[in-house]
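Here the structure comes first, spelled out in structure tokens, and everything after it is commentary.
Order of the sequence lines fixes the chain letters, A, B, ..., with proteins taken first and strands second; residue numbering starts at 1 for each chain. In this text the structure is predicted, and so the values were computed from the model without any measurement.
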Number of protein chains: 2
Amino acid sequence: MRDGPDIALIGSLIGDPARANMLTALMSGKALTASELAAEAGITAQTASSHLGKLANAGLVDQRKQGRHRYYVLSDDDVGQALESLMGLAAKKGHLRVRTGPNDPALRKARVCYDHLAGDLGVRIYDSLLSQSHVVPADDGSIRLTESGDAFLQSFGINPAQSSRSRRPQCRSCLDWSERRYHLAGSTGHAIYLRLLELGWAQRLEASRVIQFSSSSEKNLLAQFPILNG
Amino acid sequence: MRDGPDIALIGSLIGDPARANMLTALMSGKALTASELAAEAGITAQTASSHLGKLANAGLVDQRKQGRHRYYVLSDDDVGQALESLMGLAAKKGHLRVRTGPNDPALRKARVCYDHLAGDLGVRIYDSLLSQSHVVPADDGSIRLTESGDAFLQSFGINPAQSSRSRRPQCRSCLDWSERRYHLAGSTGHAIYLRLLELGWAQRLEASRVIQFSSSSEKNLLAQFPILNG
DNA sequence: CTCATACTTCGATCCTAGTCGAAGCATAGT
DNA sequence: ACTATGCTTCGACTAGGATCGAAGTATGAG
């Protein structure tokens with residue numbers, strides 16, 4: 001054999017449907033308890049416990065004990081990113097889980113993608129920023145926030161500078177599995193998402209990745225993020 | 001259950017050690033035959049055939065029949081990227097395959113990472129470009145080729161403009177599992193790698209990801225990619 | 001102190017999936 | 001035509017792991 005990172009280990013961890021469901025649920029960014037995750041995966045508490053032990057052992061999730069609950073979180077940004085890249089790949093290859101839930105249309109409309117907004121409205125925001133040259137594709141094909149974009153975001157109540165931390169890219173485009181188009185990720189994507197919650201325009205549906213907009217707040221959002229020249 | 005991409009399917013495909021080995025081997029970018037992949041994974045031809053069928057069925061690899069051989073390639077850039085992100089994650093979490101081969105030091109020195117140069121020398125090139133401001137971190141934390149970098153690459157025999165195609169980012173930083181630092185990926189990284197082969201400085205070791213440099217050509221490379229201010 | 005809840009550990013069961021031997025096709029060379 | 005090589009299909013074997021019931025530990029509530 002040869003040397004190298006053991007992708008089989010991580011792959012097999014993600015490869016079990018129960019664990020994949022748990023990880024997907026944790027992509028919401030929320031800390032979830034062992035029982036919630038068990039329910040999410042449709043398995044009993046014992047089985048879930050065993051799965052979570054393995055995930056924690058491999059360093060994919062962190063556990064925090066609080067009272068008699070035990071909360072789990074993705075241990076790292078990188079875990080979320082890796083999951084996203086797998087999701088993108090799976091979607092591109094047409095591997096979708098069959099059992100389409102009742103809230104599916106809502107999920108396509110708007111949902112959290114790890115820690116930012118995805119779905120129809122997520123793509124809309126990205127397209128709007130692009131059409132106004134608030135973000136531009138950099139020479140290298142990635143994207144970059146312009147000065148006008150900086151000013152725009154400040155007027156929307158976000159300080160992009162403060163939200164840029166350490167390693168994390170400020171802007172990043174993230175492939176959307178429902179739309180098959182790109183939306184805004186990175187710390188700026190996160191900041192916009194938080195601001196939408198703060199304004200009360202968006203509300204996260206309990207125990208789901210769905211983000212709900214009232215019809216008026218959806219109008220607000222469309223007005224705030226217009227698409228020029230179209 | 002809920003809707004979404006089926007990451008469990010892809011995860012389980014990558015999760016088998018034999019398949020993981022095959023995919024890793026295909027990260028070299030070369031087309032490999034079924035028997036070569038079987039040897040790589042240390043399994044018999046029958047077993048390999050079954051595995052390759054599954055990978056092809058899921059759209060992770062493509063097969064091309066040529067004579068009585070059947071060549072396999074990663075079907076897509078995205079597959080390589082997803083594998084890379086898993087490798088980065090695995091390395092970061094310290095999950096390394098135990099069986100360290102005899103050519104391990106060479107592997108750390110220089111190797112192909114999907115389609116560009118990684119390892120000690122790959123990191124060196126990246127650092128050099130960075131120290132001379134030939135690439136700069138963009139505002140968003142990603143990286144961007146500067147005008148001086150463009151000129152520099154042209155003098156090295158590469159036309160960055162022509163190498164930029166469609167979707168693919170021109171420059172991209174890729175986390176190195178051996179160095180735990182970044183090296184240059186994207187179409188520019190690919191172009192540099194090709195140029196090194198073309199110049200005869202680098203040679204790919206047969207049936208391996210190791211890239212070999214003679215001591216003189218390594219000196220050439222270090223001279224061509226100096227690190228300023230240090 | 002007693003009871004309920006949240007979670008883990010242990011043990012047993014069951015089933016999937018990886019594995020290889022043998023045989024079957026296909027292609028190439030002579 | 002005959003043989004060798006590369007690969008796939010079939011069938012059977014086996015091991016690893018996912019699962020849950022039951023029992024055990026910790027925390028909180030009354």
[N] [atom2] sits how many Å from [X] [atom1], rounded?
X	N	atom1	atom2	result
A/Tyr71	C/dT8	OH	P	14 Å
A/Asn57	C/dT8	CG	P	13 Å
A/His69	C/dA4	NE2	P	17 Å
A/Gln63	C/dA6	CD	C1'	14 Å
A/Met22	D/dT19	CE	C1'	12 Å
B/Leu55	C/dG18	CG	P	10 Å

- [ ] Check every strand shown and say whether B/Ala45 touches a base, only sugar-phosphate, or nothing at a heavy-atom separation below 4.0 Å.
- [x]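 Base, at least one base heavy atom under 4.0 Å.
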Task: Pairing residues for A/Ala34 by the side chain to side chain contact (heavy atoms under 4.5 Å, CB included) criterion, not counting sequence neighbours - done: A/Leu52, A/Tyr72
TODO: Please list, chain by chain and in numerical order, all residues satisfying side chain to side chain contact (heavy atoms under 4.5 Å, CB included) with B/Ser12, sequence neighbours excluded.
DONE: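 Checked B/Ser12 against side chain to side chain contact (heavy atoms under 4.5 Å, CB included); zero matches.
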Minimum side-chain heavy-atom gap [X]-[Y] below 4.5 Å:
X	Y	value
A/Leu83	A/Leu74	yes
A/Leu32	A/Glu40	no
A/Leu26	A/Leu37	yes

Open item on the list: Taking salt bridge (Lys or Arg N to Asp or Glu O under 4.0 Å) as the cut-off, I'd like each qualifying pair that reaches into residues 193-203 of chain A, sequence neighbours left out, listed once.
Closed with: A/Arg195-A/Glu198
Open item on the list: Considering only residues two or more places apart or on different chains, which pairs with a residue in residues 41-59 of chain A satisfy salt bridge (Lys or Arg N to Asp or Glu O under 4.0 Å)?
Closed with: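 Counting only pairs at least two positions apart or across chains, no salt bridge (Lys or Arg N to Asp or Glu O under 4.0 Å) contact touches residues 41-59 of chain A.
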TODO: Please determine if a side-chain N or O atom of B/Arg70 lies less than 4.0 Å away from the OP1 or OP2 oxygen of C/dA26.
DONE: no
Could you write out each protein N or O paired with an N or O of nucleotides 19-24 of chain C at a distance under 3.5 Å?
{"residue": "C/dT19", "atom": "OP2", "partner": "B/His51", "partner atom": "NE2", "Å": "2.7"}
{"residue": "C/dC20", "atom": "OP2", "partner": "B/Thr44", "partner atom": "N", "Å": "3.3"}
{"residue": "C/dC20", "atom": "OP2", "partner": "B/Thr44", "partner atom": "OG1", "Å": "3.1"}
{"residue": "C/dC20", "atom": "OP2", "partner": "B/Thr47", "partner atom": "OG1", "Å": "2.9"}
{"residue": "C/dG21", "atom": "N7", "partner": "B/Gln46", "partner atom": "NE2", "Å": "2.6"}

Open item on the list: For the CD1 atom of A/Ile192 and the CG atom of A/Leu153, what is their distance to the nearest 0.5 Å?
Closed with: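 Between atom CD1 of A/Ile192 and atom CG of A/Leu153 there are 5.5 Å.
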Task: nucleotides 25-30 of chain D: protein proximity per nucleotide (B base, S sugar-phosphate only, - neither; heavy atom, under 4.0 Å) - done: -SBS--
Task: Residue from B/Met87, B/Arg19, B/Met27 passing side chain to side chain contact (heavy atoms under 4.5 Å, CB included) with A/Ile7 - done: B/Met87
Task: Selected nucleotide, minimal atom distance to B/Ser49 side chain, candidates C/dT8, D/dT9, C/dG18 - done: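 Looking only at side-chain atoms, B/Ser49 lies closest to D/dT9.
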TODO: Specify the residue among A/Arg19 and B/Tyr72 whose closest nucleotide of DNA chain D lies further upstream toward the 5′ end.
DONE: B/Tyr72
